[in-house]
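Just below is one structure, and these are the notes that go with it.
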Amino acid sequence: MEKVTVNQLVKNAENYADQNVTLSGWIRNNRDQKVFGFIALNDGTHFNTVQIVYEKEFLNNFEVVAGLGVGSAVTVKGRLVLTPESRQPFEIKAGEVMLEGASPEDYPIQPKRHSREFLREVAHLRPRTNLFTAVFRVRSLLAFAIHQFFQEKGFVCLHAPIITANDAEGAGELFRVTNLDLNNLPLTEDAKVDYSTDFFGKKTNLTVSGQLEAEAFALAFKDVYTFGPTFRAENSNTPRHAAEFWMIEPEIAFADLNDNMNLAEEMIKYLINYLLEKAEPEMTFFSQFVDKGLQEKLQNIVNAEFARISYTEAVEYLKKANQKFEYPVDWGKDLQTEHERYLTEKVFHKPVFVSDYPGGIKAFYMRLNDDQKTVAAMDLLVPGVGEIIGGSQREEREDILKKRMTEFNIEPEELRWYLDLRRYGGVKHAGFGLGFERAIMYFTGVSNIRDVIPFPRTVNNCEF
RNA sequence: UCCUCAGUAGCUCAACGGCAGAGCGACCGGCUGUUAACCGGUAGGUUGCAGGUUCGAAUCCUGCCUGGGGAGCCA
């Protein structure tokens, strides 16, 4: 008898009609009556469950099976029957139901709606629910799609270091990496911690970005990307921030900000198309129960051209908006969340690139424009989630870069190797960072980052 | 970190100064096609923690803890 998965059955039910099959999975729901019952079985290979029909007449352990609780693992042998008249296209008439692992009555997941907050407390069990089975399959598919997109275009993937001594990026608070005895710290003569005796002989931390390393590789391979974990020790308490998250950071040489935006737009559309095609049941589920009409919205985004405006134009839009903002709009000040939301949700109703921000509010490595006031930066804002991409053309002129570093209180000698990239065959290049989780949120409609990370790490929370 | 709302049965919530309740889930029973099944019954509580006000506190006050939402930081 053939061992099959739910995925195989759903996709080729006709081929298995009236055949005997064996499948193993977990019980999502079990409804018994006097002499027969129904099990909704999910084996993890497909979003759907398969209905198992069991009858007292054909089972030697009917009472045991009828008493099996939600969450129990079973192996079922039975005949596949097409049921085109019923709600499900086919079902399994069980000849044998073998218990693999029982699930007692205190199993926390019930056949009913649970709050996201409760399910976060049972993060080890929540992948067995409809919502999370869908979210995490999409996360897996999306990770693959990202590699496929860049590999198809000939990009080289590099694994940027996770431990780094770069202390000069200014991208937020850092997690210190050390193996010093914290209860007995070695001190220097002036009573500071003596890092020279630490593992690396210097102060080190977890990476906040692989960009600087990616630039080095872009100036060898031309087009590269990183895809890895990133760590920020910010005390951020929002549905969009986590202490550990993943980023995709492409970096392209002989390219400017416009090439950069073209790449970002092409990538977003590729990823959406991939999900609409490869995650049909999951996307339909999100569209029905998480974010009404999601599929149609995403389809529209694929067909639309993303809006592109400069920061200066954005400020003009905001100033003539007949809407009261809590924070005043003024050229030179950073855009607030309410401003970004207005632009993408009220003005354009689609993703919008905002580019060429004032130099004072952006990072030191962004290329100074000819106006001497703005830098070649770009953010991609999307409805609902806000900023999912931040990028720029990098400053390739060593003298200007040095000057910018000084303005940001960064000692150029600390990033000697980074300046070398400009000294030896330096060319114009650009790149961006895509927040992987924010992309998942945008594509699924799930509004809290804690619900798109298997075991999320946030302030005061490192369970599991 | 700041602002704001909430914490009552396993889950979702009601009771808002006077006997702590419902729906769902669980358990027991019934039901010959159910599908978040249905019908009947049973069990289940230190009302987040500590203190205070009151004859009396889930309810009012203070502090703390935890969670949600908003803001900042950003991806």
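By convention in this document, chain letters (A, B, ...) are assigned in the order of the sequence lines, proteins followed by strands, and residues within each chain are numbered from 1.
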What is the separation between atom [atom1] on [X] and atom [atom2] on [N], rounded to the nearest whole Å?
| X | N | atom1 | atom2 | result |
| --- | --- | --- | --- | --- |
| A:Gln288 | B:A36 | CD | P | 13 Å |
| A:Phe325 | B:G72 | CZ | P | 13 Å |
| A:Arg128 | B:A36 | CZ | C1' | 19 Å |
| A:Leu335 | B:A71 | CG | P | 14 Å |
| A:Gln336 | B:C74 | CD | P | 11 Å |
| A:Leu380 | B:C74 | CG | P | 17 Å |
| A:Asn237 | B:C73 | CG | P | 15 Å |
| A:Leu119 | B:G10 | CG | C1' | 13 Å |

Inset, instruction - Return yes if the base of B:U66 and the side-chain atoms of A:Asn460 contain a donor-acceptor N/O pair under 3.5 Å, otherwise no. - result: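 Not at all, since no donor on one side and acceptor on the other fall under 3.5 Å apart.
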Legend entry - B:C73 base / A:Ser236 side chain donor-acceptor hit below 3.5 Å: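 Such a pair exists between side chain and base.
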Near RNA chain B, under 4.0 Å by heavy atom, which residues of [range]?
| range | answer |
| --- | --- |
| residues 440-450 of chain A | A:Asn448, A:Ile449, A:Arg450 |
| residues 106-118 of chain A | A:Gln110, A:Pro111, A:Lys112, A:Arg113, A:His114, A:Ser115, A:Glu117, A:Phe118 |
| residues 341-357 of chain A | none |

Legend entry - Any A:Arg87 side-chain N or O less than 4.0 Å from OP1/OP2 of B:A36: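 For B:A36, OP1/OP2 do have a side-chain N/O of A:Arg87 under 4.0 Å.
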Legend entry - Under-4.0 Å side-chain N/O to phosphate OP1/OP2 contact, A:Arg31 with B:A36: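 No, outside the criterion.
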Work out how far the [atom1] atom of [N] is from that of [M], and round it to whole angstrom.
| N | M | atom1 | answer |
| --- | --- | --- | --- |
| B:C38 | B:C19 | P | 33 Å |
| B:A6 | B:A14 | C1' | 15 Å |
| B:C65 | B:A50 | C1' | 10 Å |
| B:C61 | B:G29 | P | 49 Å |
| B:A20 | B:U46 | P | 14 Å |
| B:C2 | B:C13 | C1' | 30 Å |
| B:G63 | B:C55 | C1' | 27 Å |
| B:G7 | B:A15 | P | 10 Å |

Test ring pair (Phe, Tyr, Trp, His ring centres under 6.0 Å) applied to [X] - qualifying residues, sequence neighbours left out:
| X | result |
| --- | --- |
| A:Tyr311 | A:Trp331, A:Tyr357 |
| A:Phe432 | none |
| A:His349 | none |

Legend entry - Geometric cation-pi criterion A:Arg404 and A:Phe364, 6.0 Å radius, 45° cone: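 Here A:Arg404 fails the 6.0 Å and 45° test against A:Phe364.
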Inset, instruction - Cation-pi check, A:Lys269 to A:Phe306: give yes when NZ or CZ is under 6.0 Å from the six-membered ring centre and within 45° of the ring axis, no otherwise. - result: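 Pair A:Lys269/A:Phe306 counts as cation-pi.
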Considering only NZ, NE, NH1 and NH2 on the basic side and carboxylate oxygens on the acidic side, decide whether [X] and [Y] come within less than 4.0 Å.
| X | Y | answer |
| --- | --- | --- |
| A:Glu387 | A:Arg438 | no |
| A:Lys153 | A:Glu266 | yes |
| A:Glu437 | A:Arg240 | no |

Legend entry - Residue whose closest nucleotide on RNA chain B lies nearer the 5' end, A:Asp334 versus A:Glu338: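 In this pair, the answer is A:Glu338.
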Every protein N/O within reach of nucleotides 30-33 of chain B N/O, cut-off under 3.5 Å:
from	atom 1	to	atom 2	distance (Å)
B:C31	OP1	A:Lys34	NZ	2.7
B:C31	OP2	A:Lys34	NZ	3.4
B:C31	N4	A:Asp32	O	3.3
B:G33	O6	A:Lys93	NZ	2.1
B:G33	N1	A:Glu91	OE2	2.8
B:G33	N2	A:Gln51	NE2	3.3
B:G33	N2	A:Glu91	OE1	2.5
B:G33	N2	A:Glu91	OE2	3.0

Under the 3.5 angstrom rule, does the side chain of [X] hit a backbone N or O of [Y] as a donor-acceptor pair?
| X | Y | result |
| --- | --- | --- |
| A:Gln295 | A:Ser287 | no |
| A:Glu215 | A:Leu212 | no |
| A:Thr83 | A:Ser86 | no |

Inset, instruction - Taking side chain to side chain contact (heavy atoms under 4.5 Å, CB included) as the test, write out the residues that go with A:Arg128, two or more places apart. - result: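 Listed in chain order: A:Trp26, A:Tyr107, A:Leu125.
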Inset, instruction - Please name all residues satisfying side chain to side chain contact (heavy atoms under 4.5 Å, CB included) with A:Tyr317, sequence neighbours left out, ordered by chain then number. - result: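 Only A:Ile309, A:Lys320, A:Leu343, A:Val347, A:Phe348 meet the side chain to side chain contact (heavy atoms under 4.5 Å, CB included) criterion with A:Tyr317.
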Legend entry - Consecutive-pair stems (3 or more, Watson-Crick or G-U, under 3.5 Å) for RNA chain B: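 Consecutive-pair runs (3 or more) involving RNA chain B: B:1-7 with B:65-71, B:10-13 with B:21-24, B:26-30 with B:38-42, B:48-52 with B:60-64.
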Inset, instruction - Could you list the residues that satisfy side-chain hydrogen bond (donor to acceptor under 3.5 Å, both in side chains) with A:Arg176, not counting sequence neighbours? - result: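 By the side-chain hydrogen bond (donor to acceptor under 3.5 Å, both in side chains) rule, A:Arg176 matches A:Tyr195.
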Legend entry - Step-by-step salt bridge (charged side-chain N to carboxylate O under 4.0 Å, His left out) determination, A:Lys297 to A:Asp291: CA-CA 10 Å; A:Lys297 263 187 265 178; A:Asp291 185 358; 2.9 Å; yes
Inset, instruction - Might you confirm whether atom CD of A:Glu305 has over 12 heavy atoms from other residues, nucleotides or ligands at distances under 6.0 Å? - result: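 Incorrect, the count does not exceed 12.
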Inset, instruction - Would you indicate what A:Thr49 reaches in the nucleic acid, counting non-hydrogen atoms under 4.0 angstrom: base, sugar-phosphate, or nothing? - result: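 Here A:Thr49 touches no strand at all.
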Inset, instruction - Name the nucleic acid region contacted by A:Ala242, choosing base, sugar-phosphate or nothing; use a 4.0 angstrom heavy-atom cut-off, strictly under. - result: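 Touches a base.
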Could you list the donor-acceptor pairs under 3.5 angstrom formed by side chains in residues 55-66 of chain A, with sequence neighbours left out?
from	atom 1	to	atom 2	distance (Å)
A:Lys56	NZ	A:Glu63	OE2	3.3
A:Asn61	ND2	A:Val97	O	3.0

Legend entry - Between A:His339 and A:Tyr327, ring centroids under 6.0 Å: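 Ring-ring flag for A:His339/A:Tyr327: false, centres at least 6.0 Å apart.
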Legend entry - Among B:A75, B:G68, B:A71, the nucleotide that comes nearest once only the side chain of A:His241 is considered: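 Within the option list, the nearest is B:A75.
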